[in-house]
Chemist: 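Got a structure here, written out as structure tokens. Questions coming.
Note that the structure is a prediction, hence the values are computed from the model and not measured. Every heavy atom of this structure was used, including side-chain atoms; hydrogens, water molecules and symmetry mates were not.
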Amino acid sequence: MKDLEKKLLKQNKNCWEQWNENTKKNAFSFAEKYKLFLNSAKTEREVVKESIKIAETNGFVNIKKIKSLRPGSKVYAINRERSLFLARLGRDKLQNGVNLIMSHIDSPRLDFKVSPLYEDENIAFFKTHYYGGIKKYQWPTIALALHGTIYLKNGKKCDIVIGEDDDDPIFMITDLLPHLDREGGPGTKIRGRDVKGEDLNLVVASMPIKDKKIKERVKLFVLNYLYEKYGIKEEDLSSADLEAVPSEKARDLGFDRSMISAYGHDDRICAYASLKALFDAKQFTKTQICILIDREEIGSDGNTSAKSIFLEIFISDLLKLSGKKGSLDEVYRVFSSSHGISADVTAAVDPDYKDVHDLRNACRLGYGLAIEKYTGSGGKYFTSEASGRFLAKLKSIFSSNKNIIYQISGGLGKVDQGGGGTIAKYMANRNIEMVDAGVALLNMHAPLEIASKADLYSAYLAYKEFFIKA
Ligand code: MN
Ligand code: MN
């Protein structure tokens, strides 16, 4: 009977139990480099910059500097500093399709309003508008850092990062003390979680400048500081892309250090795993493309999003540099023969909140790459669905390396519980064969999210195999 069980029942495998000591060691050292990447790149622009740096050390060259491509050529293209497209040319011609992995590099955060600065009760604040799906009550009382760029009328730009170095100041959103935050006086329930969008204001200063004749002296202190340090006036703040993100660094989590706590695993964990996979996928038949895209968290609208035609332009450029015309017709034919992974995070079962999952069809922390046949919500809306045939092909690819551990689920949470989409559908709409496969997280979309080092390493191994063999 034991044999029959082994032969017929689906085996879900925890990576740590499957791997030998050497593989576990590799997973741990892979995680060390990932943490450095997380700490050096907290916004989509910073991810683009940092990724280019690593890509160049791996021999990738800006496509603008290239006159022609041949098998093995490694190039990258940047779209507006916010998305990055990388390719290693295959031996097989482009018209036979490419192997593409796409992840997003924007994360939920607090963007500054166009007129952010005000003073109230001798405290200066920056007003924000949250970006992406957040639970607002999670953002007050944590240390926040400012990241972004301010553009001046004279064409100059000014990059700002404050709150990342240990001796930098940080910023914070306030919350009401529990003593006063009750529904109806003493003894009643604490309200707490009811934080409004307009309450997400960052405390930035509390010291007035000396001249007592002027009003709003704390606000003026801030403006004077910004002018002295960066040459910025109040009106310049309206032509800026400024965001507040958690200032906490990526750290090991747990006695066993098997997990990582960090801001923005969603989706830099898949971005990093797919980048490293591309660099290391050195045997190649098909052209391999790794895409780091922006604007996923707000529905993939905009010129740096997955819906942007920059992908068509990039494929057209690859065709032209390979001696083809690069017409839209040729681009569409490349899409139609291509295979893609939408590499994005999903929810791991949280033992404290099991009831939102169908436990027979859910992903678990430490059980390897999380493949999802479909995402979306309520009656399979807002998703593309991977075909059974494509999933079987993936299983066969992944089974060639015994260290690739994966789990397959369908949908985020129980039917009609909620759900969420990824960029897979925008690629599938281009007639590319797509599947969702990423890393399952705890605390997804919280200021600090939790990922397993095992799942990160599984994703890397699986993506590498996909690049080589799909
Ligand atoms: Mn995501
Ligand atoms: Mn997300």
Chemist: How long is the span from the CG atom in Leu84 to the OG1 atom in Thr304, to the nearest 0.5 Å?
Modeler: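 Here the rounded value is 12.5 Å.
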
Chemist: Restricting to pairs with a member in residues 412-452, which pass ring-ring contact (aromatic ring centres under 6.0 Å, His included), not counting sequence neighbours?
Modeler: none

Chemist: Charged N to carboxylate O under 4.0 angstrom, Lys49 versus Glu81?
Modeler: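 Salt bridge: no.
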
Chemist: Any chance CG of Leu328 has more than 12 other-residue heavy atoms, nucleotides or ligands included, within less than 6.0 Å?
Modeler: yes

Chemist: Using salt bridge (charged side-chain N to carboxylate O under 4.0 Å, His left out) as the criterion, point out the one residue from Asp241, Asp294, Asp106 that pairs with Arg45.
Modeler: Asp241

Chemist: Can you tell me if Thr383 uses its side chain to pair, donor with acceptor, with the backbone of Thr375 under 3.5 Å?
Modeler: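 Yes, the answer is positive, given that a donor and an acceptor are paired below the 3.5 Å cut-off.
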
Chemist: Tell me every residue that passes side-chain contact (heavy atoms from CB on, under 4.5 Å) with Glu248, counting only those two or more places apart in sequence or in another chain.
Modeler: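 Glu248: side-chain contact (heavy atoms from CB on, under 4.5 Å) contacts with Arg251, Leu448.
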
Chemist: May I ask you to decide whether Asp355 forms a salt bridge with Lys414, counting only side-chain N to carboxylate O separations under 4.0 Å?
Modeler: no

Chemist: Are a donor atom and an acceptor atom from the side chains of Lys249 and Asn39 found within less than 3.5 Å of each other?
Modeler: no

Chemist: Decide if atom NZ of Lys157 counts as having more than 12 heavy atoms of other residues, nucleotides or ligands within a radius under 6.0 Å.
Modeler: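 Enclosed: over 12 neighbouring heavy atoms sit under 6.0 Å from NZ of Lys157.
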
Chemist: Are any of the side-chain heavy atoms of Ser342 and Met427 separated by less than 4.5 Å?
Modeler: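 The answer is no, as the side chains (C-beta and beyond) never meet within the 4.5 Å cut-off.
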
Chemist: Taking only residues two or more places apart in sequence or in another chain, which ones pass side-chain hydrogen bond (donor to acceptor under 3.5 Å, both in side chains) with Glu32?
Modeler: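 By the side-chain hydrogen bond (donor to acceptor under 3.5 Å, both in side chains) rule, Glu32 matches Lys35.
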
Chemist: Strictly distance-based, threshold 3.5 Å: is any side-chain N or O of Asn99 a donor or acceptor partner for the main-chain N or O of Phe467?
Modeler: yes

Chemist: Please name all residues satisfying salt bridge (Lys or Arg N to Asp or Glu O under 4.0 Å) with Lys469, sequence neighbours left out, ordered by chain then number.
Modeler: Glu465

Chemist: Would you say the side-chain atoms of Asn224 pair up with the backbone N or O of Leu220, donor to acceptor, closer than 3.5 Å?
Modeler: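 No: the side chain of Asn224 does not pair with the backbone of Leu220.
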
Chemist: Quick test of your reading: applying ring-ring contact (aromatic ring centres under 6.0 Å, His included), list the pairs with at least one residue in residues 320-343, sequence neighbours left out, ordered by first then second residue.
Modeler: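 The answer is His339-Phe390.
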
Chemist: Is Arg295 paired with Asp301 through a side-chain N to carboxylate O contact shorter than 4.0 Å?
Modeler: no

Chemist: Any side-chain donor-acceptor pair under 3.5 Å between Thr346 and Glu372?
Modeler: yes

Chemist: I'd like to know if the side chain of Ser452 and the backbone of Ala454 have a donor-acceptor N/O pair within less than 3.5 Å.
Modeler: yes

Chemist: Taking Asp165 for its side chain and Asp167 for its backbone only, find out whether a donor-acceptor pair lies under 3.5 Å.
Modeler: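 Answer holds: no.
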
Chemist: Once side-chain hydrogen bond (donor to acceptor under 3.5 Å, both in side chains) is applied, do any residues pair with Gln283, and if so which ones, sequence neighbours excluded?
Modeler: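 In terms of side-chain hydrogen bond (donor to acceptor under 3.5 Å, both in side chains), with neighbours along the sequence ignored, Gln283 is linked to no residue.
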
Chemist: Taking Ser308 for its side chain and Asn303 for its backbone only, find out whether a donor-acceptor pair lies under 3.5 Å.
Modeler: yes

Chemist: Could you work out, with side-chain hydrogen bond (donor to acceptor under 3.5 Å, both in side chains) as the rule, every residue matching Asp329, not counting sequence neighbours?
Modeler: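 side-chain hydrogen bond (donor to acceptor under 3.5 Å, both in side chains) check on Asp329 returns Arg333.
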
Chemist: Output, in order, the C-alpha distance, side-chain angles, deciding distance and verdict of side-chain contact (heavy atoms from CB on, under 4.5 Å) for Leu69 and Leu318.
Modeler: CA-CA 7 Å; Leu69 293 169; Leu318 294 182; 3.7 Å; yes

Chemist: Just grab all the side-chain hydrogen bond (donor to acceptor under 3.5 Å, both in side chains) pairs involving residues 65-74, residues at least two apart or on different chains.
Modeler: none

Chemist: For residues 274-281, run the donor-acceptor check on the side chains, cut-off 3.5 Å, and write out each pair with its distance to 0.1 Å, sequence neighbours left out.
Modeler:
unit_1, atom_1, unit_2, atom_2, d
Ser274, OG, Cys270, O, 2.9
Ser274, OG, Ala271, O, 3.1
Asp280, OD2, Tyr460, OH, 2.5

Chemist: Would the distance check show the side chain of Asp236 and the main-chain N or O of Ile150 forming a donor-acceptor pair, the cut-off being under 3.5 Å?
Modeler: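 A pair under 3.5 Å: no.
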
Chemist: Just jot down the side-chain hydrogen bond (donor to acceptor under 3.5 Å, both in side chains) partners of Thr149, sequence neighbours excluded, or say none.
Modeler: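 side-chain hydrogen bond (donor to acceptor under 3.5 Å, both in side chains) check on Thr149 returns Asp159.
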
Chemist: Keeping the roles fixed (side chain from Asn431, backbone from Ser336), state whether a donor-acceptor pair exists under 3.5 Å.
Modeler: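 Between the backbone of Ser336 and the side chain of Asn431 there is no qualifying donor-acceptor contact (under 3.5 Å).
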
Chemist: Please assess Arg109 against Asp111 for the test salt bridge (charged side-chain N to carboxylate O under 4.0 Å, His left out), listing each intermediate value before the final yes or no.
Modeler: CA-CA 6 Å; Arg109 61 182 190 244; Asp111 283 348; 2.6 Å; yes

Chemist: I would like to know whether Phe30 and Tyr272 meet ring-ring contact (aromatic ring centres under 6.0 Å, His included); could you show each step before the answer?
Modeler: CA-CA 10 Å; Phe30 191 87; Tyr272 185 75; 5.6 Å; yes

Chemist: Roughly how far, to the nearest 0.5 Å, is the OG1 atom of Thr128 from the CG atom of Leu200?
Modeler: 5.0 Å

Chemist: Tell me which pairs pass ring-ring contact (aromatic ring centres under 6.0 Å, His included) where either residue lies in residues 146-175, with sequence neighbours left out.
Modeler: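 Those involving residues 146-175 do not exist here.
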
Chemist: Which residue pairs satisfy the ring-ring contact (aromatic ring centres under 6.0 Å, His included) criterion with at least one member in residues 64-119, sequence neighbours excluded?
Modeler: Phe85-Phe310, Phe85-Phe314, Phe112-Phe126, Tyr118-Phe125

Chemist: Taking atom types as modelled and ignoring hydrogens, do the side chains of Asp436 and Thr422 form a donor-acceptor contact shorter than 3.5 angstrom?
Modeler: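 Thr422 and Asp436 do have a side-chain donor-acceptor pair below 3.5 Å.
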
Chemist: With heavy-atom distances below 4.5 Å as the criterion, would you say the side chains of Tyr263 and Ser247 are in contact?
Modeler: no

Chemist: State plainly whether the residues Glu312 and Arg430 are in salt-bridge range, i.e. N to O under 4.0 Å.
Modeler: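 Salt bridge flag = yes for Arg430 with Glu312.
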
